Amino acid sequence: MLGYTVDRSRDEALNEWDNSKDPSEITHLGLEALRDSSRPASPPQVRLLALAGPIAGRKLTLGDSLVLGRSSTADLSIDDPLLSRKHAKLTLSADGHYILEDLGSRNGTSLNGVPATRDALSFGDRIQVGSSILLFTHYDPLEEQVAQRQKLEAIGRLGTGIAHDFNNLLGAILSSMDYVDELSPNTPISQEDVVESLRDVRIAATRAAEMTRRLLGFARQTHRSHGPVDLRGLIEEVIHLARRTFDRSIEIEANLDGTPVISGDHSQLHQLLMNLFINARDAMPKGGKINVVARRATEAEMAMAHRPTGVAHALIRVQDTGMGMDTDVQKHAFEPFFTTKDGEAGAGLGLATVYEVAAAHGGHVELWSKRDEGTAFTIFLPLGQHKPPASRPATLEGAAPIKLLDTPMRILLVDDEDVVRRSAGRVLRQAGHEVVYARDGEEAVQLYADAQRKPDLVLLDLNMPVTGGEETFRRLRQVDPQAPVLFVSGYWDRELERRLRAEGALGFVQKPYEVGQLKEALHAAIIEKSISG
């Protein structure tokens, strides 16, 4: 297989880019700062990139100091038994250079393979602590901007398919509701046509909600964090979105048997896969087939790809039956802003992002292509080390089930959308609860403060104008430090949920939700409240 590897350092890649581009263009892009490693480092320009170990692929921008170790209180906590609780420290000195200092660790700290006690760092240095290898390297904020621009470009290219699919779904909803509206007022709700119409409305709305949820997850800029990623689930997400948005002349087949779990950033890997799918779609304007394979790489495949055979890797292959690339195009395929399409079809950032994301995860990309026969991208990603998903606490599993219908609550429902308040309120009242309504955060705080009987639960929308959900939550906590709040939002952010839970929030419900999901969330919130309170 013709290979284009990305296991080189970022600096090597940039040097190759520098040599192939006009210097004035590079200067315009603001990359000239990356060429001069003799300049004193400043915190926004420096970061650590984990090349190996439990957090392989993670990037961390450095500030004035950073303590790394096994302790959860370390600035960079690494779950590795070979590390001391506080193992080493990086500090920015007065002259603008970073100093690496071993903190008396039991296994020591190495710098470029040599034991280190207190040493100055230079770009390209490799720090080893336990089984982790950290690269001290440049940080260019333009990388984040380019990644975000590429996501927006991808969304634009998906736009036609999204609009077509949404129009179909909305058409089904409107026609079904029009049919019901024209029926006689005496028509029983159990009539077959009525039941079928309402079922079609639910199916169409559910599909639209799922597509919107996946699109938001792809589009928004989220906090990047590494953890266990179920490759099978991730690929199925991308396939689902592609099938809903690509032209129906494109067939997608997948073989995901034995797909492993890897350690990485879910959002970045989703973007990598989506870029490969869009590239395959664009290569087949008259239709064709995309074939996806994901599994554990064999030793022979690792050897052919010049990967270390002692490290387990996942293999992902996305292959199309499109027009293919000639040799010259293949040489430039991963260069930022290189494209064979016209100006309206993209800025040439898709495959450059694939390159960057694979490299950031300690991975490797191989490209095979032949004119009129198609293209195949093969991604190798190290499996890394990760813990299995944490099970629910025994106290929750052993708790007596709470039957919501037999446990009426007083719920303060806060949402700025009238139709959302009415629809959610109907469901809650049907379940036997008393509902108090607030149109915004100000009204919610006032109602809570003035209530003689405090609400048993506050169902709080996160995204509201003027006074948002987070601010409302904190103001409610000023009125009552134990105010029980369950958040609701149109999109989910793992880091935001973690932060709000740390501040005392009882949970998080994603819109749009079904009745069963809302009841389950209420159930879990009440259990959480009983345990913590």
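This is a predicted model, so every value here is computed, not measured. For reference, positions follow the sequence shown, starting with 1.
Taking CZ of F377 as the reference point, atom CG of N275 lies at 10.5 Å (rounded to 0.5 Å). Remark: S110 OG to I133 CD1 distance equals 9.5 Å, nearest 0.5 Å. Note: H87 NE2 to L103 CG = 8.5 Å, rounded to the nearest 0.5 Å. Taking CD from Q478 and OH from Y448, the interatomic distance works out to 13.0 Å, rounded to the nearest 0.5 Å. From L272, atom CG reaches atom NE2 of H270 across 11.0 Å, with rounding to the nearest 0.5 Å. The distance from atom CE of M304 to atom OG1 of T378, rounded to the nearest 0.5 Å, is 10.0 Å.
For CZ of R475, the number of neighbouring non-hydrogen atoms (other residues, nucleotides, ligands) closer than 6.0 Å is greater than 12. By the 6.0 Å contact criterion, NZ on K86 is open, its count of non-hydrogen atoms from other residues, nucleotides or ligands being 12 or less.
T61 and R47 are not linked by any side-chain donor-acceptor pair at a separation below 3.5 angstrom, with hydrogens and angles left out of the test. Under the 3.5 Å distance criterion, with hydrogens and angles disregarded, no donor-acceptor pair is assigned to the side chains of N107 and S105. Under the 3.5 Å distance criterion, with hydrogens and angles disregarded, a donor-acceptor pair is assigned to the side chains of S489 and N463.
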One pair to check against side chain to side chain contact (heavy atoms under 4.5 Å, CB included): I235 and L256. What are the steps and the verdict? CA-CA 9 Å; I235 294 170; L256 306 179; 4.0 Å; yes

When you look at D80 and S131, which way does the side chain to side chain donor-acceptor pair (under 3.5 Å) test go after all the steps? CA-CA 7 Å; D80 184 347; S131 61; 2.7 Å; yes

Would you please test L276 and I316 for side chain to side chain contact (heavy atoms under 4.5 Å, CB included) and show each step? CA-CA 11 Å; L276 291 179; I316 307 169; 5.9 Å; no

Go through the steps to decide whether L269 and L234 satisfy the test side chain to side chain contact (heavy atoms under 4.5 Å, CB included), and finish with yes or no. CA-CA 8 Å; L269 292 171; L234 178 63; 3.6 Å; yes

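Closest approach of G441 to T472, counting heavy atoms only: CA-OG1, 3.3 Å. A116 and L100 get closest at one heavy-atom pair: CB-CD2, 4.3 Å.
The residues R474 and E503 are annotated as salt-bridged, a charged nitrogen and a carboxylate oxygen being separated by less than 4.0 angstrom. K89 has no carboxylate O lying under 4.0 Å from a charged side-chain N of E101, or vice versa, which leaves the two without a salt bridge. A salt bridge links R499 to E470: at least one charged side-chain nitrogen sits closer than 4.0 Å to a carboxylate oxygen.
Side-chain atoms of R295 never come within 3.5 Å of backbone atoms of T259 as a donor-acceptor pair (strictly under, hydrogens ignored). Remark: side-chain polar atoms of E301 are paired, donor with acceptor, to backbone N or O of T298 under 3.5 angstrom. Without hydrogens or angle criteria, N291 side chain to Q319 main chain gives no donor-acceptor distance under 3.5 Å. In this structure, the side chain of R501 does not engage the main chain of A505 through any donor-acceptor pair within 3.5 Å.
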